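To start, the structure itself, in structure tokens.
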Amino acid sequence: MNQPQETDKLPNFVLDVVKADVAAGRNGGKVMTRFPPEPNGYLHIGHAKSICLNFGIAQDIPGAVCNLRFDDTNPSVEEDEFVRSIQEDVRWLGFDWGARMYFASDYFERLYAIAEKLVREGKAYVDSQTIEEMRAGRGSFHQPGRVSPYRDRTPDENLELLRRMRAGEFPDGAHVLRAKIDMQASNQNLRDPVMYRIKREHHHRTGDAWCIYPMYDFAHGYSDAIEGVTHSICTLEFENHRPLYDWFLDQTPEFDPRPRQTEFARLNLTYMTLSKRRLKLLVEGGHVKGWDDPRMPTIAGLRRRGYTPEAIRAFADRIGVSKRNSFVDVTLLEHAVREDLNARCRRVMGVLRPLRVVLENVPEGQEDAFDAPWFADDPSRGGRSLPFGRALFIDREDFAEVPPKGWFRLTPGGEVRLRNACIIKCERVVKDERGEIVELRCSWDPDSRGGNAKDGRKIKGTLHWVSEKHSLPAEVRLYDRLFRAENPGEEGDEFLGDLNPASFEVVQARVEPSLAGAAPGDRVQFERVGYFCVDPDSKPGALVFNRTIGLKDSWAKQQGK
RNA sequence: UCCGGCGUCGUCCAAUGGCAGGACAGCGGAUUUUGGUUCCGCUUAUUGGGGUUCGAAUCCCUACGCCGGAACCA
């Protein structure tokens, strides 16, 4: 996984910035990046873009490294379960942070010491206004802010108050520590931002050791600096925070290297939502079965769905990195996974909606078998034997009593080839009293063993099939896009109204016996149908498959027009 | 309306003053015992206006459009 160039990676401006810094000899040529998730949810495909960027730079630049740092400065929303899942997901994606797993909370003591230093130097003060007063005092886009009546407290006074804040002498919200910058600044982030707030919450790592917690803007840059990060890469919404990031670091010239922030555009994908808040709503509202529901854009969901790390990395490499707000077409992701699965998945047969076929010219009890390769275009990769007999199953979709124009599957009186087996002809359609087709009576051509007719007649259609007697029952979960709208919730906040009611369907399928030992995580192609992955719910004798992605289907496309 | 950012095929990304190119999508064709794969071909773009230059997607001015910003969130 340490191959830097496993796909054609696009050039990107962030890598260019890093390379230029190396060339200029900044930081002595040292490069350190970091992936800094807040452990308040599961990682999704958008995070994968950031992970591939940050860890990718570390792989592309000799000697560079990338840290994993949990940005856990807000105990009200952060949990250990997320810390665990984030590690699992980054590792699964194929990246390694070595021994460099850190927590912002590891730095609480040092951050606090920096805060005291700023107080002593008169660069920070304790404000005792209410939230409302502070908000009003901060002004607006058009109005400059007003200074707080507490802004002129002496360093000694501030230091004492800060220490008492830490000691727990004040109720939540009674005071905050603010940086003393510029209430007139046109960038509102510079209007005396809050550095610490009082918050009596149990922290997932520090427990009840603290009742004051640092804010992002104060904590993040210093966490970078403490670790020796050189390039702090984040998304566009932090662009307005960069002057503040720099201001804090300017107050502490002792840090070397001094990290610099570079922003890039976060990922948006059609027919998906990548908002943490919305993903949480989907999980908590029961609209999906959990963070790892195969319809979720989470790494855990994609993994369970059957996506491979290679496919996700190839996708990340191909969408590139820029500062433009973009909406990537989900077909690009789907293409990446098909491309990878096409190369690696054995071809097997599974009948999703079984229709019984009886071959009347095969004697009862007679069995036969056909050899079939795992990969038709490369028989050296091995194969298996397919049992065959009088009763078979084909897919209901592959028979039409009244075929549409262009149909070359089975019809009454018509012939098709059974994949890797022989040619059959439909002699008769058996229906129940309601007129539903229950069975097809067919005959096979004994001179077509292997699939080609001895007399040379051409057979256009080839169907997948399984033997009734030897096939295995399997639950197959058919997943489709979670949303039917290209941009869910585009109008207002009604994204739940755009849920695709057909995003999940379960069918009782029959699969070929070679799948008896299939284990969770195994991936196969059901020929003519799609790529499937064995679900963790699967057990021997009770197989469960998830549809990762269907095969491209030009017949369906043609019918849709 | 203030601050910051961004405008290149339908979508995403290149081209860093010198022939606007790739991928996906779409369309057409060839091959095919998967209506899959593979292969070949085609369509389509520099937001508008001015300027600098032998030459501008690229530099300058201007207009317009889109995104982000007024948590004791990150």
Side-chain angles (χ1 to χ4, degrees), chain A residues 8 10-13 16 36-38 40 71-74 76-78 127 130-131 134-136 138-145 172-178 185-191 193-199 212-213 215-217 219-220 234-243 263 265 267 270 276 315 318-336 338-339 342-343 347 349 372 375-377 406-409 416-421 423 450-452 459-464 525-530 550-559:
Chain A
D8 340 301
L10 263 20
N12 75 66
F13 79 97
D16 290 346
E38 182 185 20
N40 68 341
D71 214 346
D72 56 349
T73 57
N74 182 2
S76 350
V77 295
E78 294 151 5
D127 196 351
T130 63
I131 289 183
M134 263 181 61
R135 186 174 300 139
R138 195 151 25 228
S140 71
F141 292 154
H142 316 290
Q143 297 289 316
D172 289 11
H175 310 279
V176 292
L177 183 71
R178 298 178 78 175
S186 55
N187 180 338
Q188 293 174 90
N189 292 124
L190 262 13
R191 320 239 261 231
V194 173
M195 294 166 62
Y196 271 98
R197 74 281 216 189
I198 304 173
K199 200 173 185 116
I212 58 171
Y213 290 96
M215 300 288 290
Y216 169 87
D217 286 305
H220 199 89
C234 63
T235 45
L236 252 28
E237 65 269 29
F238 293 101
E239 207 154 24
N240 292 325
H241 294 242
R242 184 164 11 107
E263 310 86 10
L267 173 66
T270 56
K276 262 191 183 180
F315 169 73
R318 290 208 276 242
I319 56 174
V321 179
S322 75
K323 297 191 73 156
R324 284 198 249 173
N325 295 103
S326 61
F327 233 94
V328 176
D329 195 322
V330 74
T331 58
L332 199 53
L333 212 213
E334 294 177 345
H335 174 262
R338 280 199 189 97
E339 180 180 57
N342 175 52
R347 270 53 172 177
M349 291 194 282
F375 298 89
D377 49 8
W407 177 267
F408 42 85
R409 278 115 100 150
V416 292
R417 175 187 299 107
L418 296 182
R419 176 73 165 159
N420 289 126
I423 295 169
N452 288 317
I459 302 295
K460 186 76 172 161
T462 301
L463 308 187
H464 56 283
Q525 182 196 102
F526 286 162
E527 287 205 71
R528 303 212 305 131
V529 181
L551 256 29
K552 283 211 270 184
D553 189 346
S554 56
W555 168 247
K557 185 183 288 179
Q558 183 185 326
Q559 292 303 291

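Lettering follows sequence order; numbering is per chain, from 1. This one's a predicted model, so the numbers in the text were calculated from it and none came from an experiment.
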message: Between the base of B:G4 and the side chain of A:R242, is one N or O donor paired with an acceptor at under 3.5 angstrom?
response: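 Under the 3.5 Å cut-off, the side chain and the base do not form any donor-acceptor pair.
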Can you find a heavy atom in the side chain of [X] that is under 4.5 Å from one in the side chain of [Y]?
X: A:F141; Y: A:Q188; answer: yes
X: A:Y213; Y: A:N74; answer: no
X: A:S76; Y: A:K199; answer: yes

Within this structure, what is the [atom1]-to-[atom2] distance between [X] and [N], rounded to whole angstrom?
X: A:R318; N: B:A14; atom1: CZ; atom2: C1'; answer: 15 Å
X: A:I459; N: B:U34; atom1: CD1; atom2: C1'; answer: 16 Å
X: A:F408; N: B:U34; atom1: CZ; atom2: P; answer: 10 Å
X: A:D329; N: B:C13; atom1: CG; atom2: C1'; answer: 14 Å
X: A:L551; N: B:U34; atom1: CG; atom2: P; answer: 11 Å
X: A:F327; N: B:C24; atom1: CZ; atom2: P; answer: 22 Å
X: A:E334; N: B:U37; atom1: CD; atom2: C1'; answer: 17 Å
X: A:Q525; N: B:U37; atom1: CD; atom2: P; answer: 9 Å

If you compare every side-chain N and O of [X] against the phosphate oxygens of [N] (OP1, OP2), does one of them come in below 4.0 Å?
X: A:H335; N: B:C24; answer: yes
X: A:R347; N: B:G36; answer: no
X: A:K557; N: B:G26; answer: yes
X: A:T331; N: B:C24; answer: no

field: Shortest non-hydrogen contact from A:L267 toward A:F315
entry: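 Closest approach of A:L267 to A:F315: CD2-CE2, 4.0 Å.
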- prompt: Where is the tightest heavy-atom contact between A:D71 and A:P36, given as atom of each residue plus distance?
  reply: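 Scanning both residues, the minimum pair turns out to be CB-O, 3.8 Å.
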Taking any heavy-atom pair under 4.0 Å as a contact, classify [X]: base, sugar-phosphate, or nothing.
X: A:G145; result: nothing
X: A:N420; result: base
X: A:V529; result: nothing

Taking only the [atom1] atom of each, what is the distance from [N] to [M] in whole angstrom?
N: B:G26; M: B:G10; atom1: C1'; answer: 8 Å
N: B:G48; M: B:C13; atom1: C1'; answer: 24 Å
N: B:U31; M: B:C40; atom1: C1'; answer: 11 Å
N: B:U62; M: B:G55; atom1: P; answer: 23 Å
N: B:A57; M: B:C19; atom1: C1'; answer: 14 Å
N: B:C67; M: B:C60; atom1: P; answer: 25 Å
N: B:C61; M: B:G68; atom1: P; answer: 26 Å
N: B:G41; M: B:C24; atom1: P; answer: 14 Å

- request: Can you spot which of A:H464, A:R347, A:R419 makes a side-chain hydrogen bond (donor to acceptor under 3.5 Å, both in side chains) with A:E527?
  value: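 For A:E527, the side-chain hydrogen bond (donor to acceptor under 3.5 Å, both in side chains) check succeeds only for A:R419.
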message: Could you check B:A71 for me: syn (within 90° of 0) or anti?
response: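 Syn, angle within 90° of zero.
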Which parts of [range] does protein reach within less than 4.0 Å, heavy atoms only, written one letter per nucleotide 5' to 3' as B for base, S for sugar-phosphate only and - for none?
range: nucleotides 68-74 of chain B; result: BBBSBSB
range: nucleotides 38-43 of chain B; result: ------
range: nucleotides 15-21 of chain B; result: -B-----

task: Would you mind telling me which residue lines up with the more 5' stretch of RNA chain B, A:R417 or A:E239, judged by nearest nucleotide?
output: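 Its nearest nucleotide lies further toward 5', so the answer is A:E239.
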field: 5′-ward residue of the pair A:S322/A:R528 relative to RNA chain B
entry: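 Looking at RNA chain B, the more 5' nearest nucleotide goes with A:S322.
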Residues in salt bridge (charged side-chain N to carboxylate O under 4.0 Å, His left out) contact with A:D172, at least two apart in sequence or another chain: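 Listed in chain order: A:R200.
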- request: With sequence neighbours excluded, tell me which residues meet salt bridge (charged side-chain N to carboxylate O under 4.0 Å, His left out) with A:K323.
  value: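 Testing A:K323 for salt bridge (charged side-chain N to carboxylate O under 4.0 Å, His left out), a comparison that skips the adjacent residues, returns A:E239, A:E263.
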query: Among B:G36, B:G35, B:A14, which nucleotide sits nearest the side chain of A:K552?
result: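 When the side chain of A:K552 is considered, B:G36 is the closest of B:G36, B:G35, B:A14.
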Stems formed with participation of RNA chain B [Watson-Crick or G-U wobble, under 3.5 Å, three or more pairs]: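 Stems (3+ consecutive pairs) listed as B:2-7 with B:64-69, B:10-13 with B:21-24, B:26-30 with B:38-42, B:47-51 with B:59-63.
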task: Classify the ring geometry between A:W407 and A:W555 as parallel (under 30°), tilted (30 to 60°) or perpendicular (over 60°).
output: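 It falls in the perpendicular class, over 60°.
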